[in-house]
Amino acid sequence: MGVVKGGRYLLVPFFTFYMILFLYLPLLPHSVHCQCTKTPIIFNFGDSNSDTGGYADGVGLNFAPPNGRTYFHQPARRLSDGRLMIDFLCESLNTDYLTPYLNSLEPNFTNGVNFAIIGSATLPRYVPFSLFVQVSQFLRFRYRSPALMLNGYKDLVGDEDFENALYTIDIGQNDLAASFDNLTYSQVIERIPSFITEIKNAIWNIYEKGGKKFWVHNTGPLGCLPQKLALLARNATELDEHGCLQPLNNAAKTFNAQLRVLCEQLRRELINVTIVYVDIYSIKYDLIANASNYGFESPLMACCGNGGPPYNYNANINCGRTGYTVCHEGSKFISWDGVHYTEAANAIFTSKILSTHYSTPQLSFNFFCNNM
């Protein structure tokens with residue numbers, strides 16, 4: 001792995017990355033937004049997989065380089081070298097990146113709000129910024145935004161737009177990860193229904209305030225994260241054929257199976273509502289299992305971290321801290337920092353999401369638009 005020592009780094013060579021975009025993103029950015037007659041409105045709930053600055057705004061933290069180096073050429077309040085899946089989705093809809101709810105410096109909420117915060121989980125319920133807290137923030141925004149617009153305020157969302165908005169939810173990874181820190185496998189499995197209940201409550205609360213379109217991601221292959229592979233005790237029998245921890249991935253699959261059942265249940269219970277279940281697990285695992293087919297190397301190794309092969313992860317020397325090393329070409333790595341993904345990986349994930357092949361039900365791109 002070619003590396004640059006902490007504090008000094010090179011911008012990623014763009015040829016490889018843009019070849020990936022050319023080959024795997026034929027849907028971006030034109031196929032979706034050309035069908036939207038109004039600006040799409042998106043309300044996003046989740047964790048670091050889709051946090052576009054909420055954590056940084058909330059605690060006043062500036063992420064250090066080399067975060068953000070690929071696209072933004074500077075730290076962009078995201079835990080990645082560039083854009084996240086939610087950013088690519090916004091681009092495909094020809095709309096601006098979502099503004100974090102906690103952004104107090106001239107925020108623009110005309111195309112929706114991002115409530116996602118790094119580290120968020122479904123439980124404990126009342127700990128910032130759990131899913132319950134994020135939905136509570138949304139409910140306050142839902143109440144105040146139309147009233148403020150009537151009083152002349154701009155850059156907000158009108159009353160009818162809440163009914164046509166897309167509500168995206170991507171959460172659960174941190175619940176599972178934290179559970180494995182101090183519980184046995186069977187104990188983790190026993191906790192999963194409580195996580196699913198929180199997601200159910202969130203959808204119900206949004207539905208009761210007019211939400212009709214929900215886009216629900218399942219959780220990814222937790223056992224393939226370099227962080228987990230580096231930190232958790234393991235033996236050869238716990239690893240699958242691609243080197244991932246089977247107990248963690250099996251827990252993720254159990255979570256996903258229950259989440260899928262929940263989506264099926266809510267489709268029957270809620271009136272005039274569309275709930276799309278997206279199989280993120282299969283999308284991410286396919287990329288890891290077939291990394292070379294997509295032009296990636298070392299699928300279980302972090303681009304930015306410390307320790308070198310096989311995982312390049314050190315809990316005491318995270319990406320951006322003194323002593324880190326970073327690969328020259330993030331476009332050849334799936335994992336950015338051992339937990340989060342590179343822009344190149346996120347681009348492919350988004351392409352597969354927009355193909356609708358991993359969605360239930362499979363809907364046309366008009367589903368994303370605010371013109372229903």
Side-chain angles (χ1 to χ4, degrees), residues 21-22 24-46 49-53 71 78 82-101 103 107-116 138 141-142 145-146 149 153-170 203 206-207 209-217 263 267 270 272-280 283 343 346-372:
L21 290 183
F22 176 77
Y24 296 107
L25 289 188
L27 299 174
L28 298 175
H30 302 295
S31 297
V32 179
H33 80 252
C34 65
Q35 302 179 46
C36 298
T37 59
K38 295 177 62 178
T39 300
I41 308 294
I42 303 172
F43 294 104
N44 182 64
F45 306 85
N49 287 310
S50 58
D51 182 355
T52 55
Y71 179 77
R78 294 157 170 80
R83 289 165 287 185
L84 309 179
M85 288 187 289
I86 190 68
D87 295 318
F88 284 114
L89 175 60
C90 288
E91 287 184 6
S92 73
L93 293 170
N94 197 31
T95 191
D96 295 334
Y97 299 141
L98 290 182
T99 300
Y101 177 75
N103 186 342
N108 183 347
F109 297 126
T110 53
N111 66 328
V113 184
N114 193 355
F115 297 93
F138 163 76
F141 184 86
R142 174 70 179 90
S145 183
M149 290 188 72
Y153 285 84
K154 299 180 180 180
D155 298 331
L156 294 168
V157 178
D159 194 59
E160 66 175 17
D161 289 327
F162 284 94
E163 293 187 4
N164 295 325
L166 178 66
Y167 295 88
T168 57
I169 299 174
D170 186 340
I203 294 175
I206 296 170
Y207 165 73
K209 296 301 179 182
K212 295 180 179 178
K213 297 191 296 183
F214 295 89
W215 187 259
V216 183
H217 288 185
C263 291
R267 290 190 199 108
L270 307 185
N272 296 326
V273 166
T274 301
I275 300 176
V276 176
Y277 171 88
V278 186
D279 188 5
I280 294 295
I283 291 173
E343 171 167 300
N346 285 326
I348 293 177
F349 298 156
T350 309
S351 173
K352 289 180 176 291
I353 290 171
L354 294 178
S355 75
T356 73
H357 296 320
Y358 296 84
S359 300
T360 305
Q362 294 182 357
L363 300 177
S364 72
F365 292 135
N366 283 329
F367 175 76
F368 293 97
C369 300
N370 184 30
N371 54 8
M372 295 180 68

Do [X] and [Y] have side chains that get closer than 4.5 Å, going by heavy atoms?
| X | Y | result |
| --- | --- | --- |
| D170 | M85 | yes |
| N44 | T52 | no |
| I280 | Y358 | no |
| I42 | C90 | yes |
| V273 | F214 | yes |

Is the side chain of [X] donor-acceptor paired with the backbone N or O of [Y] at a distance under 3.5 Å, no angle test?
| X | Y | answer |
| --- | --- | --- |
| N114 | S50 | yes |
| S145 | V157 | yes |
| N346 | R83 | yes |
| N111 | D96 | yes |
| R267 | I275 | yes |
| K213 | N164 | yes |

Steps toward side chain to side chain contact (heavy atoms under 4.5 Å, CB included) verdict (I206, F45): CA-CA 11 Å; I206 296 170; F45 306 85; 3.7 Å; yes
Rounded distance [0.5 Å steps], CD1 in I353 versus CG in L89: 7.5 Å
Interatomic spacing from CD1 in I283 to NE2 in H357 - rounded to 0.5 Å: 10.5 Å
Aromatic plane relationship, Y97 with Y71 - under 30° parallel, 30 to 60° tilted, over 60° perpendicular: perpendicular
Ring pair (Phe, Tyr, Trp, His ring centres under 6.0 Å), paired with Y167, selected from W215, F138, F115: F138
Heavy-atom pair of closest approach, residues [X] and [Y]:
| X | Y | value |
| --- | --- | --- |
| G112 | L98 | C-CD2, 4.2 Å |
| F141 | P146 | O-CD, 4.2 Å |
| P107 | D155 | O-CB, 3.9 Å |

From CA spacing to verdict: side chain to side chain contact (heavy atoms under 4.5 Å, CB included), F109, F43: CA-CA 10 Å; F109 297 126; F43 294 104; over 6 Å; no
Partners passing side chain to side chain donor-acceptor pair (under 3.5 Å) against N108 (at least two apart in sequence or in another chain): T110
Pairing residues for F349 by the ring pair (Phe, Tyr, Trp, His ring centres under 6.0 Å) criterion, not counting sequence neighbours: Y341
Partner residues of D51 under the salt bridge (charged side-chain N to carboxylate O under 4.0 Å, His left out) criterion, sequence neighbours left out: none
Worked verdict on E91 versus T350 for side chain to side chain contact (heavy atoms under 4.5 Å, CB included): CA-CA 11 Å; E91 287 184 6; T350 309; over 6 Å; no
Worked check of side chain to side chain contact (heavy atoms under 4.5 Å, CB included) between L354 and F368: CA-CA 10 Å; L354 294 178; F368 293 97; 3.7 Å; yes
Within 45° cone of F162 ring axis and under 6.0 Å: K209 NZ or CZ: no
